[in-house]
Amino acid sequence: MSPDEPIESNEDDPSASRPNGRSMLELRFPSNTKYLHMVRELARRIAESTGFEAAEAEKIAMAVNEATTNVIEHAYHGEEGREIEIHFQPGGESLDIQILHDGDALEEVPMPGFDLDKLVAERRKGGMGIYIMKQVMDGLRFGKAGSGKSMCVLVRYKRRDRKGE
Amino acid sequence: MSPDEPIESNEDDPSASRPNGRSMLELRFPSNTKYLHMVRELARRIAESTGFEAAEAEKIAMAVNEATTNVIEHAYHGEEGREIEIHFQPGGESLDIQILHDGDALEEVPMPGFDLDKLVAERRKGGMGIYIMKQVMDGLRFGKAGSGKSMCVLVRYKRRDRKGE
Amino acid sequence: MADLSMASERRGDVVVIYPRGFINAHTVRQFEQELERAMESGRNRIVINGSGLSYIASAGLGAIMGHIEDVRSQGGDIRLTDLNETVLNILNVLGFNHICRVFDSEQEAVTSYSEAASND
Amino acid sequence: MADLSMASERRGDVVVIYPRGFINAHTVRQFEQELERAMESGRNRIVINGSGLSYIASAGLGAIMGHIEDVRSQGGDIRLTDLNETVLNILNVLGFNHICRVFDSEQEAVTSYSEAASND
Ligand SMILES: Nc1ncnc2c1ncn2[C@@H]1O[C@H](COP(=O)(O)OP(=O)(O)O)[C@@H](O)[C@H]1O
Ligand SMILES: Nc1ncnc2c1ncn2[C@@H]1O[C@H](COP(=O)(O)OP(=O)(O)O)[C@@H](O)[C@H]1O
């Protein structure tokens with residue numbers, strides 16, 4: 001952190017992270033696409049409340065929406081009523097978001113190459129979600145949480161927007 | 001339930017309630033008024049997603065906002081970073097909302113009388129929250145949850161709006 | 001990010017306050033300060049134009065309630081105009097329209113003060 | 001409650017589709033059906049007017065992507081207009097503007113079809 005770009009400490013909320021690392025901003029909901037909009041709006045507002053500009057918060061919301069859609073469609077194969085948890089961990093320098101589920105897991109970030117023309121030529125209706133997450137977030141990771149659940153972790157730093165991306 | 005006013009079952013989401021009675025639509029967040037707006041909007045969207053008209057959902061959101069404000073201001077005396085949980089239990093006939101906390105508890109619904117002129121004459125800046133909750137919800141209850149936490153329970157029936165209030 | 005921003009303008013001896021955003025327990029101090037600023041500068045004829053107000057919680061109505069007797073004792077009032085459905089809703093639930101006069105346009109709200117200016 | 005509603009209008013041989021709300025994995029079938037309806041009735045010159053569109057997720061762009069080659073092979077296209085910042089944002093992130101032409105007004109989007117009508 002460079003000293004000439006101080007983090008505005010009044011934008012942090014350390015109370016939203018607990019000593020044991022568990023987040024205190026958590027949403028639990030059943031796998032159903034009807035909740036996607038609610039989740040997106042919640043993510044947007046949490047990003048705003050924890051110090052991101054409106055345009056940045058929109059991008060974070062966009063990534064959370066894509067990640068949650070993947071959990072419903074790929075991890076749970078569209079099955080409704082399965083459990084999804086989202087933990088938001090706002091810190092001084094970043095907002096970390098974990099999306100947890102008990103469905104099929106991804107071990108690592110897939111799709112190294114992204115070729116929109118190829119997707120179009122193949123008449124594909126998808127294949128953009130992971131790329132979007134990578135583009136708009138600073139970190140994307142798949143793995144297992146301590147609880148044994150599978151998770152997708154999204155990280156966004158606060159300083160990025162100060163530098164003009 | 002009268003047979004001529006069937007509940008539209010496609011508006012229900014039984015998956016949001018679990019057999020053990022725990023809700024699968026839950027939000028956990030730290031006591032801080034900066035999250036009130038987010039909570040209100042979430043409540044509004046959940047009410048809409050679970051089958052309430054926009055105007056009804058606004059009223060439910062209004063009640064949740066008042067109840068959550070009371071938890072922050074009275075149960076936690078404005079102390080920040082304490083834990084608040086909201087459980088939404090959408091059912092076929094109602095939406096039940098529990099607001100849980102570890103602060104000072106109310107055992108029963110206070111304030112039998114409501115006299116706005118008196119509040120004005122006394123230059124009071126409050127005293128309306130509980131009355132609002134009673135007016136816009138079908139049920140209001142204070143008590144202890146199984147977990148030992150204190151709670152405020154708000155209930156709103158779906159049929160009410162069909163009759164024109 | 002701007003949960004609430006406040007602006008105000010003078011229309012003769014009436015001050016019109018324009019809250020933009022929402023008024024709840026988080027933002028109410030800002031709203032109350034704007035009311036207090038008007039009162040301290042001797043402007044007790046207040047109109048709140050709610051065209052930019054998405055909603056007001058009881059905390060916000062409390063700010064009006066806590067000051068309305070004082071402005072009235074100075075020959076002023078707090079009057080409301082341009083309220084959306086959500087705001088009208090909470091006023092109705094509380095019967096707040098018995099406390100505060102509500103108008104359909106800023107023009108009406110502002111001129112309502114000159115109509116009854118005899119006891120000023 | 002209305003997450004997405006669809007309307008469409010004919011402007012000569014161009015069909016303009018007006019999605020109102022948001023397009024995500026929950027609502028995308030409605031949007032896709034409107035595209036398919038236009039195509040099935042032989043209207044392959046499609047304009048999507050996004051003035052009522054709050055946002056579109058990758059699922060919604062997928063519906064465009066999945067059909068654009070087919071309408072093009074029929075001498076048509078899918079062109080976009082009146083997009084808000086949020087929608088432009090996701091297009092930029094993906095480079096979707098290389099795939100789809102984006103206009104500032106419906107008029108421009110509609111007339112763009114007659115300009116290049118020679119190969120129709
Ligand atoms: N949470 C997940 N669990 C399992 N597989 C996943 C998950 N997320 C993504 N995938 C796999 O990665 C692929 C690429 O995902 P994405 O880029 O979002 O495109 P799309 O979801 O539109 O196919 C998916 O098709 C799926 O096979
Ligand atoms: N969750 C709560 N815990 C403890 N006391 C409460 C709680 N909610 C309300 N109260 C008490 O009930 C009173 C009335 O509440 P309310 O009608 O919401 O008005 P206000 O909060 O503006 O005072 C409060 O002043 C407080 O003393």
Side-chain angles (χ1 to χ4, degrees), chain A residues 9-20 22-52 54 57 60-61 64-65 72 76 78-91 95 98 100-102, chain B residues 9-20 22-52 54 57 60-61 64-65 72 76 78-91 95 98 100-102:
Chain A
S9 60
N10 64 332
E11 298 287 17
D12 303 350
D13 186 7
S15 67
S17 302
R18 292 186 259 190
N20 61 6
R22 258 182 86 209
S23 146
M24 214 207 274
L25 260 168
E26 297 181 3
L27 179 72
R28 193 200 312 266
F29 61 100
S31 58
N32 187 319
T33 56
K34 79 176 178 180
Y35 294 121
L36 282 172
H37 180 58
M38 167 193 100
V39 167
R40 179 183 168 120
E41 290 299 291
L42 183 76
R44 192 169 63 79
R45 279 181 209 290
I46 288 176
E48 288 197 359
S49 303
T50 58
F52 290 89
I60 292 168
V64 170
N65 175 69
I72 296 174
Y76 288 137
E79 192 189 335
E80 295 185 0
R82 303 289 301 272
E83 184 173 286
I84 305 176
E85 258 179 60
I86 308 190
H87 296 189
F88 298 87
Q89 287 174 300
L95 174 60
Q98 301 178 341
L100 301 120
H101 62 88
D102 308 300
Chain B
S9 59
N10 65 332
E11 299 285 18
D12 302 351
D13 186 8
S15 68
S17 301
R18 290 186 261 191
N20 61 6
R22 258 182 86 209
S23 146
M24 215 207 274
L25 260 168
E26 298 182 3
L27 179 73
R28 192 200 314 267
F29 60 100
S31 57
N32 187 319
T33 56
K34 79 175 176 180
Y35 294 121
L36 282 172
H37 181 57
M38 169 193 99
V39 168
R40 182 184 166 119
E41 289 300 289
L42 184 76
R44 193 170 61 79
R45 278 180 212 288
I46 288 176
E48 288 196 359
S49 302
T50 57
F52 288 89
I60 292 168
V64 169
N65 176 70
I72 297 173
Y76 288 136
E79 190 189 338
E80 293 185 1
R82 303 290 300 273
E83 184 172 288
I84 304 176
E85 257 178 63
I86 308 190
H87 296 188
F88 297 88
Q89 288 174 298
L95 174 60
Q98 301 179 339
L100 300 120
H101 62 88
D102 308 300

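Proteins get letters first, then strands, A, B, ... in listed order; numbering begins at 1 in each. All values below come from the heavy atoms of this structure, side chains included, with hydrogens, waters and symmetry mates left out.
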Less than 4.5 Å apart, any side-chain heavy atom of [X] and any of [Y]?
X: E41(B); Y: E41(A); value: no
X: L42(A); Y: M38(B); value: yes
X: I46(B); Y: F29(A); value: no

Exercise. What distance do Y35(A) atom OH and M24(B) atom CE have between them, rounded to the nearest 0.5 Å?
Worked result: 9.5 Å
Exercise. Could you state the interatomic distance from CZ (R40(A)) to CZ (R45(B)), rounded to the nearest 0.5 Å?
Worked result: 11.0 Å
